Amino acid sequence: THHQTSWVCGEVDVRFLLFRNWVSRTLVLMVLSSNLSFAAGDREWSEAMEAGNRLYRLGQLGASEKKYLEALKSAESFAENDGRLASTLSGLGVAYGAQGKYAEAEAVTLKAIAVREKASGSLHPDLANDLANLAMIYCRQRQKLAEAEALSLRSLAILEKAFGPESAVVARSLNNLAGLYEMQARYRDAERTYLQALAILEKAKQTEEAEFAKTLANFAALQQLMGNYRAAEQLYDRVVPLFEKLFGPEHEQTALARNNLADVYLRLGQPQKAEPLFRRVLAVWQASYGLSHPDVALALNNLGNACYEQGRYEEAGKLFERALAIRQATLGASHQDVAGTLNNLAVVRQSQRNYSEAEQLLRRALAIEEKTLGPAHPLVARTLNNLAEAMRMQKQPVMLEPLYQRALAIRERALGPDHPAVAASLSALAGLYTDSGEHKRAEKLYRRALQILQKTFQQEHPDVARMLQNLAVSAFMRKRYAD
């Protein structure tokens, strides 16, 4: 084979982003002492709210929803501009959102915002929290991202005015905003905003606290997405021990940090180092969540990547199939993560020379990603690139060059001209030119791809070796035997 025919999605997990874990909310709870008198409705509301909060913190989302609904029934006797009603609606919206009931979450959170503004005014910190929660609902659905950004910026402005621009609360809001930028592939904006949040926390001497650790982990994950793998590795070398200290060595959050470090090893061409970490992550998440949780699917998916990179295609395919079944059952057939696993399973089928099945899987993945992410997202480019490869391997009489060029243009625009994913697109397009005998055009692209890879990786990286081999084949075909 004269060039790399697949670009496996290593799937950097981004659940360190705090907007993925519902903004911690400030619910106004009544602290009742034995010598205070109160109405029966107040007592019922307070007890239901406290139970709802407790159950939510324990992860019992359905039970917490029921308690918030009980509290809401009690709150019906309150005035329309009562802050307790807003807090009840806010809590219920968070419980709905955590269960994926986004329509219900949006409706009650919008109502909470309206009540809060009447009760507390337009500059109250609790309103900022409600605005952030609504932004999060939109982010979770990959919808109304412009509205989500406006809500996040309004929330940030309220918090800056209430607590000052260098408070830890503002740092958390900046972290969430950076995550929103990252979701839109606005990586430079995300990088700037993460750094601003980290600077606030460092100045406040909170570098040993969980808030700093998670923000630093977010920043490391962003470096992965930007292709700065050495920088990401150095950051994770700091993050993982910090998580072990804060949460414990076998905690789910610590496992997530190890998952992302293992992905860096995979990107750096070290699958033997990545595999044992992925297996440890899988064991922790299976013990914590059971066998059918989306996080378990993530671990199976990434372990499959490590097996694939070591040439164990049958084992990788079985892992991807298990991950796909879990994701379809828990997230739905049209979720972005389902598309990622479809892509990876297709790559395995390509390596097994089952190009027809690979094409079918990739077309399904592309349809999901274009709908959920938009036509110009880097993950769409990945799937376009692999689809063109599958079609090329079947020698289909279609115009493949526009597919390759579209993928390349998306990646250059979203990731910059020196990202390793750009090198993958250049290599794939060069392979098409080689097939058609256009060896001069192919060599030019191979040389540019090699320059990118040599900037990113060490000389012994497998992708560098493959690109050197591609150049050697190209020179041979042009009868430049000395080269």
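Here the structure is a predicted model, which is why all the values come from computation and not from measurement. All heavy atoms count here, side chains included; hydrogens, waters and symmetry mates do not.
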> List for me each residue that meets side chain to side chain contact (heavy atoms under 4.5 Å, CB included) alongside Thr383, sequence neighbours excluded, and say none if there are none.
Asn343, Leu362, Ala365, Leu366, Glu369
> Could you work out, with salt bridge (charged side-chain N to carboxylate O under 4.0 Å, His left out) as the rule, every residue matching Lys245, not counting sequence neighbours?
Glu208
> Can you check whether Glu211's main-chain N or O pairs, donor with acceptor, with Thr215's side chain at less than 3.5 Å?
yes
> Quick one: closest heavy-atom pair of Ala430 and Ala442, and the distance?
O-CB, 3.4 Å
> Shortest non-hydrogen contact from Ile452 to Pro417?
CD1-O, 3.3 Å
> Which residue pairs pass the salt bridge (Lys or Arg N to Asp or Glu O under 4.0 Å) test with at least one member in residues 215-233, sequence neighbours excluded?
Arg230-Glu233
> For Gln196, which residues count as a side chain to side chain contact (heavy atoms under 4.5 Å, CB included) partner, sequence neighbours excluded?
Leu174
> Which residues pass the side chain to side chain contact (heavy atoms under 4.5 Å, CB included) test with Gln286, sequence neighbours left out?
Leu282, Leu291, Val296, Arg322
> Determine the minimum heavy-atom distance between Gln224 and Ala232, stating which atoms define it.
CG-CB, 3.8 Å
> Looking at Ala390, is its backbone amide N or carbonyl O close enough to the side chain of Gln394 to form a donor-acceptor pair, meaning the two atoms are under 3.5 Å apart?
yes
> Sequence neighbours excluded, which residues qualify as side chain to side chain donor-acceptor pair (under 3.5 Å) partners of Ser436?
Glu438
> Taking atom types as modelled, find out whether Glu191 and Gln223 have a side-chain donor-acceptor pair closer than 3.5 angstrom.
yes
> Ignoring hydrogens and geometry beyond distance, is a side-chain donor-acceptor pair present between Asp263 and Asn302 at under 3.5 Å?
no
> Looking at Glu389, Glu359, Glu321, which hits salt bridge (charged side-chain N to carboxylate O under 4.0 Å, His left out) with Arg349?
Glu321
> Taking the side chain from Arg441 and the backbone from Tyr433, do they hold a donor-acceptor pair closer than 3.5 Å?
no
> Say whether, by atom type as modelled, one donor and one acceptor occur between the side chain of Ser152 and the main chain of Ala148 under 3.5 angstrom.
yes
> Could I get the full list of side chain to side chain donor-acceptor pair (under 3.5 Å) partners for Glu315, not counting sequence neighbours?
Arg279, Arg312
> Would the distance check show the side chain of Thr330 and the main-chain N or O of His293 forming a donor-acceptor pair, the cut-off being under 3.5 Å?
no
> Just checking, is any N or O donor in the side chain of Tyr181 or Thr193 under 3.5 Å from an acceptor N or O on the other one?
no
> Applying salt bridge (charged side-chain N to carboxylate O under 4.0 Å, His left out), name anything that partners Lys455, two or more places apart in sequence or on another chain.
Asp418
> Begin from the C-alpha positions of Gln336 and Leu379 and carry the test side-chain contact (heavy atoms from CB on, under 4.5 Å) through to its verdict.
CA-CA 9 Å; Gln336 170 194 332; Leu379 293 181; 3.7 Å; yes
> Which residues pass the side chain to side chain donor-acceptor pair (under 3.5 Å) test with Ser155, sequence neighbours left out?
none
> Would you please name every residue forming a ring-ring contact (aromatic ring centres under 6.0 Å, His included) with Tyr187, sequence neighbours left out?
none
> If the condition is ring-ring contact (aromatic ring centres under 6.0 Å, His included), which residues does Phe457 pass it with, not counting sequence neighbours?
Tyr229, His461
> Roughly how far, to the nearest 0.5 Å, is OH of Tyr56 from OH of Tyr68?
7.5 Å
> Which residues pass the side chain to side chain donor-acceptor pair (under 3.5 Å) test with Glu149, sequence neighbours left out?
Arg186
